[in-house]
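Heavy-atom basis, side chains included; hydrogens, waters and symmetry copies ignored. All values reported here derive from a predicted model rather than from experimental measurement.
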Amino acid sequence: MSVDVKICGLTRAVDAEFADAAGAQYLGVVFAGGPRERTPMQARETLAGRRARKVGVFAMQAESAIATLVDMVGLQVVQLHSDADAERVQRVRAATGAEVWAVVRTADGTLPDGIEAICEAADALLIDALAPGYLGGSGKTVPWDRLGESLDELDYHPRIVLAGGLTAENVAEAIDLVAPSVVDVSSGVESSPGVKDHARIRAFVAAVRSSREEE
């Protein structure tokens, strides 16, 4: 099974450059508040010249505002937080022409009612830990065993992006239990919010690669 890596919450070009060179397939910048939020110009400077696909993290912005940022920053993926439904996913895709990932947060590994409609509408379902006061980047993990069971119960099996408390030390276990297409890390490769630790990035990518080789 091939598992891609997304390094999210990037605030510095030097970190984006390192993550890109280390083998991350996705690089993320935040437009949804919090200590890692970037302006459009900052985000464009952070991601400029990178080969990896560029992801923008959004909350409740209007579709037209998201489309403007997609064009300004050169984003290929829109990550929608704040309980996006299937209709909003479709509107954002129509407005932007970008791939759309819908975010679902869970405290206990179960998925909300109606999740299959979102799965069918979105290009991927990003699953993160539910942590009060955080849209993401909390460092809290999802109960991976229960989440894997919940996903197995779905009639429609979406592409899964797994986030929430991942580190080089635990990502192999998470991959084994959830079988995601992408693993998404932010705080797990940081020395402080928004400042990435290059040794941790290298170790995280290596751990994901090792998990692939064990399949």
Where do Leu126 and Ala163 come nearest, in terms of heavy atoms and distance?
CD2-CB, 4.0 Å

Any side-chain heavy-atom pair from Val55 and Leu75 closer than 4.5 angstrom?
no

Hey, can you pull the donor-acceptor pairs under 3.5 Å for the side chains in residues 111-120, sequence neighbours left out?
unit_1, atom_1, unit_2, atom_2, d
Glu116, OE2, Asp155, N, 2.7

For Arg202, give me all partners under side-chain contact (heavy atoms from CB on, under 4.5 Å), at least two apart in sequence or on another chain.
Phe18, Ala199

Restricting to salt bridge (charged side-chain N to carboxylate O under 4.0 Å, His left out), what partner residues turn up for Lys54, sequence neighbours left out?
none

Would you say Val78 ends up clustered with Val104 if hydrophobic residues are merged whenever their side chains have heavy atoms under 4.5 Å apart, either directly or through other cluster members?
yes

Nearest-0.5 Å distance that lies between atom CG in Asn170 and atom CG in Asp176:
12.5 Å

Val3 and Pro180 have their tightest heavy-atom pair at CG2-O, 3.7 Å

Which pairs pass ring pair (Phe, Tyr, Trp, His ring centres under 6.0 Å) with one or both residues in residues 152-197, sequence neighbours excluded?
none

Could you check whether any side-chain N or O of Asp128 sits under 3.5 Å from a backbone N or O of Arg105, counting only pairs where one atom can act as donor and the other as acceptor?
no

Partner residues of Pro40 under the side-chain contact (heavy atoms from CB on, under 4.5 Å) criterion, sequence neighbours left out
Leu69, Met72

When clusters are formed by joining ILVMFWY residues with side-chain heavy atoms under 4.5 Å apart, either directly or through shared neighbours, do Val14 and Leu10 land in the same one?
no

Report yes if the side chains of Phe204 and Val183 come closer than 4.5 Å at any heavy-atom pair, otherwise no.
yes

Inter-residue atom distance Leu147.CG - Ile160.CD1, 0.5 Å rounding
7.0 Å

Nearest 0.5 Å, please: how far is CD in Gln79 from CD1 in Ile66?
11.5 Å

Just by modelled atom types, is the Ala59 backbone N or O under 3.5 Å from a matching donor or acceptor in the Gln61 side chain?
yes

Cluster membership besides Val30, Ile/Leu/Val/Met/Phe/Trp/Tyr side chains within less than 4.5 angstrom, sorted by chain and number, is Val57

Min side-chain heavy-atom separation Trp144-Leu162 under 4.5 Å
yes

Test salt bridge (charged side-chain N to carboxylate O under 4.0 Å, His left out) applied to Asp123 - qualifying residues, sequence neighbours left out
Arg93

With sequence neighbours excluded, give me every salt bridge (Lys or Arg N to Asp or Glu O under 4.0 Å) pair touching residues 161-172.
none

Closest non-hydrogen contact found for Gly188 with Thr167 is CA-CG2, 4.2 Å

Can you list everything that forms a salt bridge (charged side-chain N to carboxylate O under 4.0 Å, His left out) with Glu99? Sequence neighbours excluded, please.
Arg53, Arg159

Taking Glu190's backbone N and O only, do any of them form a donor-acceptor pair with Arg200's side chain (distance below 3.5 Å, no angle check)?
yes

Once rounded to the nearest 0.5 Å, what's the spacing between atom OG of Ser181 and atom CD of Gln25?
11.5 Å

Does the side chain of Val178 reach to within under 4.5 Å of the side chain of Val142, using non-hydrogen atoms?
no

In this structure, CD1 of Ile7 is separated from OH of Tyr26 (nearest 0.5 Å) by 13.5 Å

On a heavy-atom basis, which atom in Leu27 and which in Ala16 lie closest, and how many Å separate them?
CD1-O, 3.9 Å

Among residues at least two apart in sequence or on other chains, which ones pass side-chain contact (heavy atoms from CB on, under 4.5 Å) with Ala43?
Val29, Phe31, Arg38, Val73

Closest non-hydrogen atom pair, Ala102 against Val89
CB-CG2, 4.0 Å

Residues two or more places apart in sequence or in another chain: which of them pass side-chain contact (heavy atoms from CB on, under 4.5 Å) with Arg146?
Thr110, Pro143, Glu149, Ser150, Glu153

Within this structure, what is the CG-CD1 distance for the pair Asp184 and Ile127, rounded to the nearest 0.5 Å?
12.0 Å

Do Val171 and Val185 make a side-chain contact, defined as non-hydrogen atoms from C-beta onward lying under 4.5 Å apart?
no

Tell me, with the steps shown, if Ser186 and Lys6 meet side-chain contact (heavy atoms from CB on, under 4.5 Å).
CA-CA 9 Å; Ser186 181; Lys6 172 173 172 263; over 6 Å; no

Quick test of your reading: applying side chain to side chain donor-acceptor pair (under 3.5 Å), list the pairs with at least one residue in residues 40-51, sequence neighbours left out, ordered by first then second residue.
Thr39-Gln42

Verify, without hydrogens or angle tests, whether Asp20 (side chain) and Ala52 (backbone) share a donor-acceptor contact under 3.5 angstrom.
yes

